[in-house]
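In what follows, every chain begins at residue 1, and chains take the letters A, B, ... in the order their sequences are listed.
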Amino acid sequence: MIKFENVCFSYENGTQILKDLSFEISEGETVGLIGCNGAGKSTLMKVLLGLLPHEGIVKVSDLELNKNNLEEIRRKLGFVLQDSDNQMFMPTVYEDMMFGPLNYGHTKEEAEARVDEVLEQLNLTYLKHKYNHKISGGEKRMAAIATILTMRPKVILMDEPSTALDPENRRRVINAINDLNITKIIASHDLDMILDTCDRVILMHDGKIIADGKTEDILRDEKLLEANHMELPFKLQGLREFI
Amino acid sequence: MSKGTNKASNALNELRDMDELANGDSPIHRLHPLVKFLVTIAYIYFVVSFSKYDITGLFIMLIYPVLIFSIANIKVSTCFYKLRLVLPLVLMVGIFNPIFEGRAGVVSMITLMMKGTFSLMASFIMVATTPIDGLCAALRKIHVPSILVTLLLLTYRYIGVLVREVAIMTDAYKLRAPKQKGIAINAWGSFLGQLLLRSMDKASELYNSMQLRAFKGEFFYASQRGLNCLDVIYLVACIGGFVAARFINLTETLGGLFV
Ligand SMILES: Nc1ncnc2c1ncn2[C@@H]1O[C@H](COP(=O)(O)OP(=O)(O)OP(=O)(O)O)[C@@H](O)[C@H]1O
Ligand SMILES: [Mg+2]
């Protein structure tokens with residue numbers, strides 16, 4: 001579904017951020033992208049979305065990412081930004097959710113049917129006609145996910161979906177992620193959330209892939225995590241004595 | 001709102017209030033954005049074209065904003081409150097006329113102030129009854145280039161982003177300089193620099209997010225209905241009214257009836 005072959009990215013000033021990344025993600029997988037601040041997780045996502053230029057080969061469903069394919073590729077990908085305030089730019093939740101489908105050329109009726117369907121799926125129908133600046137941070141995060149789902153992406157990318165959420169809303173987001181039956185890529189420091197949602201983890205540090213494997217294996221590996229400035233998930237910390 | 005809340009976040013709330021006003025419902029809100037746009041342009045054109053000594057003629061033009069405010073269910077006081085920062089500038093415009101022109105200058109000063117105020121009121125009505133996206137869609141319909149319209153939209157959104165950043169940054173500053181009133185002069189440079197960078201960052205994120213949702217400078221999501229009968233009547237009636245007010249000396253004609 002997604003393939004990176006020797007992908008590099010540098011800013012104009014020459015600092016190389018992504019260093020020779022190669023990996024493949026198959027359809028239906030849920031992959032956690034972990035790594036400390038500045039590891040390059042957000043950058044990787046932006047490269048995949050064609051928001052940043054890259055060297056090497058990026059493929060989405062066998063289409064190579066380049067200018068000609070950009071539109072078709074973006075159509076397959078849905079990106080939930082870290083800051084929902086930047087994601088939601090229309091006055092109301094409803095208008096925000098309609099934005100994508102209408103731009104894709106769907107009629108108002110079709111778009112509205114999708115909006116209702118997604119809202120129901122996420123139990124958010126009560127938010128439909130609320131103003132974006134009058135809903136809580138947790139609701140906004142859920143609404144941001146909803147705006148992306150109305151476009152029916154094949155792959156959903158989420159950048160830190162659980163930051164700044166209280167336990168209840170965090171749980172809500174986790175459940176929403178688990179209920180989605182598409183390919184998912186989730187960048188986060190919240191290793192407990194990764195543990196609850198992902199089958200596979202890619203550990204990044206300083207623009208390189210350090211480890212790539214089953215969630216359980218990587219998140220239990222205390223030495224590996226510590227070497228890359230991270231800690232065991234809380235859930236697994238209690239088990240330390242038994243390992 | 002408590003006195004302690006910072007000015008920028010107040011300004012932000014007011015911007016958002018405009019969005020809410022624009023999403024309201026009234027016969028004026030329901031009119032086609034294009035019609036409102038054209039009427040507003042026409043109104044400003046006719047107001048500005050009045051002779052600078054024709055106070056009575058201008059007064060008649062006040063009927064339009066007052067009438068529309070009441071139909072749209074928006075208080076005139078809301079308008080003046082929102083415009084309180086801009087209004088003094090407009091009023092200042094004619095201030096030297098009395099010095100240059102003597103007594104006639106007083107009259108021309110007053111007409112100039114009236115022209116400015118009326119035009120502002122008319123623009124306010126349009127913005128307060130038309131969602132920005134509707135407006136953009138209307139502009140596209142009359143073939144204003146998509147790049148310009150997108151620019152308008154992004155500017156509008158950018159103001160929101162900018163104001164939000166100001167609010168966040170002044171709060172952060174105040175927490176670290178609690179005794180100070182406002183922001184110290186010597187911090188202004190770095191404050192503004194930071195502000196620009198941060199808001200540009202946010203604005204580009206926002207634009208990215210629009211692009212990722214297939215935005216290409218077209219406004220499919222705004223109401224796509226065509227003009228209806230009411231729109232046309234409104235357009236013709238308004239412009240007819242403006243022409244009449246401008247070219248027929250109504251006070252004289254009305255007065256003439258009684259002579
Ligand atoms: N405009 C820029 N010019 C140069 N370097 C930049 C620029 N923007 C970001 N970087 C650098 O890119 C690196 C990777 O940033 P990125 O946002 O991808 O990290 P991240 O893994 O998402 O971190 P976080 O967990 O903090 O979100 C960082 O070291 C950052 O300093
Ligand atoms: Mg990041």
Practice task
Go through the steps for Phe89(A) and Arg213(B) under the test side-chain contact (heavy atoms from CB on, under 4.5 Å), then give the verdict.
Solution key: CA-CA 11 Å; Phe89(A) 44 77; Arg213(B) 284 198 264 158; 3.4 Å; yes

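- In this structure, Ile147(B) places its CD1 atom where only 12 or fewer heavy-atom neighbours from other residues, nucleotides or ligands lie under 6.0 Å away.
- No donor-acceptor pair under 3.5 Å is formed between the side chain of Asn86(A) and the backbone N or O of Leu206(B).
- A 6.0 Å sphere centred on OH of Tyr126(A) holds more than 12 heavy atoms belonging to other residues, nucleotides or ligands.
- We find the OH-CG distance between Tyr131(A) and Asn23(B) to be 4.0 Å, quoted to the nearest 0.5 Å.
- Partners of Ala111(A) under the side chain to side chain contact (heavy atoms under 4.5 Å, CB included) rule, at least two apart in sequence or in another chain, are Met98(A), Pro101(A), Leu102(A).
- For CD of Glu72(A), the number of neighbouring non-hydrogen atoms (other residues, nucleotides, ligands) closer than 6.0 Å is 12 at most.
- Nearest heavy atoms, Met210(B) versus Phe99(A): O-CE2, 3.9 Å.
- Atoms OG and CG, on Ser209(B) and Asp85(A) in that order, are 11.0 Å from each other to the nearest 0.5 Å.
- Heavy-atom neighbours of Glu27(A) CD from other residues, nucleotides or ligands within 6.0 Å: at or below the threshold of 12.
- Proximity to chain B (any heavy atom under 4.5 Å) is restricted, for Asp83(A), to the side chain, taken from C-beta onward.
- Within a 6.0 Å radius of CG in Asn181(A), other residues, nucleotides and ligands contribute 12 heavy atoms or fewer.
- Environment of NZ in Lys128(A): crowded, with over 12 heavy atoms of neighbouring residues, nucleotides or ligands closer than 6.0 Å.
- Counting heavy-atom pairs closer than 4.5 Å to chain B, the top-ranked of the candidates Lys46(A), Arg75(A), Arg74(A) is Arg74(A).
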Practice task
Test His133(A) against Glu20(B) for side-chain contact (heavy atoms from CB on, under 4.5 Å), laying out the working first.
Solution key: CA-CA 11 Å; His133(A) 63 281; Glu20(B) 263 193 83; 4.0 Å; yes

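- Contact count versus chain A (heavy atoms, under 4.5 Å) is highest, among Lys216(B), Gln211(B), Glu205(B), for Glu205(B).
- Contact record, Leu212(B) with Tyr104(A): O-OH, 4.3 Å, taken as the closest heavy-atom pair.
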